[in-house]
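Some notes on the structure that comes next.
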Amino acid sequence: MIENLVIVESPAKARTIEKFLGKDFKVVSSFGHIRDLTKKNLGIDITGGFVPRYEIPKEKIKVVNELRKAASEAKTIWIASDEDREGEAIAWHLIEVLNLDPSQTRRIVFHEITKNAIEEAIKSPRTVDMNLVNAQQARRILDRLVGFEISPVLWKKVQPALSAGRVQSVAVRLIVEREREIINFKPESSFKVTGIFRIITGSSNEYIKADAATKFNSEEEAKRFLELCREALFTVGNIAVKPGTRSPAPPFITSTLQQEAYRKLGFSVSQTMALAQKLYEEGKITYMRTDSTSLSKLALSKIREVVISEYGEKYSKIRQYKTTAKGAQEAHEAIRPAYPEKSSITGTQAEKRLYDLIWKRTIASQMADAQIERTTVTIDMNNSPVIFTATGEVVLFDGFLKVYTESSDHDNTEDEKAILPPVKAGMELYYNKITATEKYTSPPPRYTEASLVKKLEELGIGRPSTYAPIISTIQQRGYVTREDRPGEKRKITILELSEGKISSLSKTEIAGKEKSKLFPKDIGMIVNDFLQENFTDIIDYNFTAEVEEQFDRIASGKLAYNKMLKDFYTSFHPAVEETLEKKNKAKGVRVLGTHPETGETIIVKMGRYGPVIQAGDPEKGEKPKFASLQKDQLMETITLEEALKLFSLPRTLGQLEGDDVTVGTGKFGPYVRYRNKYYSLKKNVDDPYIITLERAIEIIREKDKADQQKVIKEFNEIRILNGRYGPYISFKGQNYRIPKGKDPAGLSEEECLDIINKNPKKDK
DNA sequence: CAGTGAGCGAGCTTCCGCTTGACTT
């Protein structure tokens, strides 16, 4: 018999708490929720008043059995799940499932994991808050209704295996709408003028870099201005010195950690979370799924000690940050080092770097403001109203900047903060060089995983535990893809005034180059438009915020959960029925034009295997021809010209030793085909539309040569090959590893068979 | 590895939010 059993959500938390509580307490973990709506069907009795039907998922049966056993052996049971909506529901499910006797069950919560806080919590137990539980049930049921009623509509009206939901559909919408803004964006160019001026101070020359405050719309205007500059007398006008301060960013929460780890370390959202999980389990950082920026009292005083001993008293400033995230539940502390005095840890390189980031951010958050002096100098011209301005920045006191500066999403390479030379008003300046550079306006940026999380958080959509899964779901469904794009070359003109001469040169720059950005795919755009048309309210950016308000009213006992659900359902469900009944299948059909030779109508649509262009209308008795779109083409932007080009493949280039050499493009990109063998074209080198027979033969010869070297030995169906990871055995489409210490070239057929039989093949 | 785009129908797919392991290569 155990005296006390404490149940928490996380096993790592259980381990920590057990240390504080002495031998009368046993601490176990529920591993999150233990019960959920039935998986196979809707799991809700709608006519009975939105009564949920719960079941214990298969993977949770073992945990539940262990909890049952532990509970039956304990005198008093303390349920210490998180103090938020989900945590309260977990507590209630535990009581129900374990059939706990209320007289020997206590609900407790603690806000920080310290001996003191836990002992305090145990002194003041309470009962389960059923209003809060009902708010969670309403949330759960609403999400199930939306997901399980709309998804089947998509299976019927768009494509099988698609999905829709309160959160994922909005995430997709953000990406689709951003892409459309980019598609419709028309870049405009103007000329930005920058001068390097010389001042004479004593015997030496010093230089000052300044930008003209006016931009010029055309090359002619820019040139005329440079002509003025050639003749102008430049003098220092105004000198304005402004003191300023900068304050540190608050400690990390899940979303800001994901953003900074992406910006500073290049980690993906899921990578960051996996690393943070590891650090948490090893007791190196506090819990990594949190929406609260607050730090415990104990942590604050520890951090203060670290700041003072490392940097001195005047660098220290205690700050408590207010949590600003919409819908934050604040069940945990901010993400911080468990032991702030440890500025580094042992572990992999990635773990060390993430820890370092968390440590710096936490320490900096408790440091003094930086004191800055910003100087703006204007330079006047005697023959033009245009002024030049130069700004310089001097850090008078670095404060938190000594440790950490937050990064931004936009690369501000131009924003260098120089120190200005000593100038006085009225001083004469001489130009050294003045350039007018053509600059294009840029479209709004595509989302990265991390900036999408930021946006979702601003909208109050999704939770710290779901940001990473949302991103993988919308990619798995094929709605969006994370990709690099090479960008396109663009010509720009630069005018330069130097030593009285104006010269013009043209340069190329790369525009629209992208790395690891989220792009919508055709099916994502079709589903988005379909939802927009038929379920406008659900994918409204404010939908979550509105239902959250109602959940809050349920939590405070002002609204009955089934009343809320009934009101929602009576307006939602008819839209489902009506869409099923009246709407045609959404294929995203768009007419591109007519074929210039045959006169057939060319359309683009979503086919069974992906987006296709189609020439000819079967309803007019024409036999349609099809061609798949290329990976980088969108149904929304493909032109007639590009579409016609797609029909030109596959084509025959000519003959090699009496057999045809053809070129086409397939599932894995462009290829050359010869005697039933495929040869991939080199990426970014060969183009299937313009490749010559000579080049194709070169590719064939190269690959054949490589393949010959690939085969080490051959016995009937057994082949010993050289692969990417070294030699291996290939037999009937299965690959087998050669045991260490064996010479691949020296293997006999029997030895090979032996290896094959010892490694039974798996069905996949 | 590299094709496919007729139509029918059975049986399957799906949500969000809590939490960590199992499986090998």
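Letters A, B, ... mirror the listed sequences (proteins, then strands); counts begin at 1. These numbers come from the heavy atoms of this one structure, side chains and all, not from hydrogens, waters or symmetry mates.
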Between [options], which nucleotide has the shortest distance from any of its atoms to the side chain of [X]?
X        : options                : answer
A:Tyr287 : B:dT19, B:dG17, B:dC15 : B:dT19
A:Tyr280 : B:dT19, B:dT14, B:dT20 : B:dT20
A:Gln168 : B:dT14, B:dG21, B:dC18 : B:dT14
A:Pro160 : B:dT20, B:dT13, B:dT14 : B:dT13

Categorize [X] for me: base, sugar-phosphate, or nothing, with a 4.0 angstrom heavy-atom threshold over every strand shown.
X        : value
A:Glu59  : nothing
A:Thr466 : base
A:Ile150 : nothing
A:Glu149 : nothing
A:Gly664 : nothing
A:Arg477 : sugar-phosphate
A:Ser151 : base
A:Arg85  : nothing
A:Gly165 : sugar-phosphate
A:Ser169 : nothing
A:Ala164 : sugar-phosphate

Could you check whether any side-chain N or O of [X] sits under 3.5 Å from a backbone N or O of [Y], counting only pairs where one atom can act as donor and the other as acceptor?
X        : Y        : answer
A:Arg651 : A:Gly664 : no
A:Gln329 : A:Arg85  : yes
A:Asp82  : A:Asp84  : no

With a cut-off of less than 4.0 Å, is there a side-chain N or O of A:Ser465 near OP1 or OP2 of B:dC18?
yes

Indicate yes or no: at least one non-hydrogen side-chain atom of A:Ile539 is less than 4.5 angstrom from one of A:Asn528.
yes

When the nearest nucleotide of DNA chain B is assigned to A:Pro469 and to A:Thr473 on a heavy-atom basis, which residue is associated with the more 5' position?
A:Thr473

A:Phe568, A:Tyr561, A:Tyr569 screened by ring-ring contact (aromatic ring centres under 6.0 Å, His included) with A:Phe50, the one that passes
A:Tyr569

Could you state the [atom1]-[atom2] distance from [X] to [N], rounded to the nearest angstrom?
X        : N      : atom1 : atom2 : result
A:Trp155 : B:dG11 : CH2   : C1'   : 11 Å
A:Leu531 : B:dC15 : CG    : C1'   : 13 Å
A:Ile90  : B:dT19 : CD1   : P     : 7 Å

Run the numbers on A:Glu9 and A:Lys13 for salt bridge (charged side-chain N to carboxylate O under 4.0 Å, His left out), then give the verdict.
CA-CA 8 Å; A:Glu9 286 168 58; A:Lys13 196 171 172 182; 5.8 Å; no

Checking A:Ser292 against A:Glu333: is there a side-chain donor and acceptor pair closer than 3.5 Å?
no

Do A:Gln277 and A:Tyr287 pair up side chain to side chain, a donor and an acceptor below 3.5 Å, judged on atom types alone?
no

If you take the centroid of each ring, where Trp contributes its six-membered ring, are A:His93 and A:Tyr54 closer together than 6.0 Å?
yes

Is there a donor and acceptor pair, one atom on the side chain of A:Arg144 and one on the base of B:dC16, closer than 3.5 Å?
no

Is it the case that the base of B:dC16 and the side chain of A:Arg139 share a donor-acceptor contact (distance under 3.5 Å, atom types as modelled)?
yes

Stem list for DNA chain B, please, built from Watson-Crick and G-U wobble pairs under 3.5 Å and keeping only runs of at least 3.
none

Reading nucleotides 1-7 of chain B from the 5' end, what letters show protein touch, with B for base, S for backbone sugar-phosphate only, - for no heavy atom under 4.0 Å?
BBBBBS-

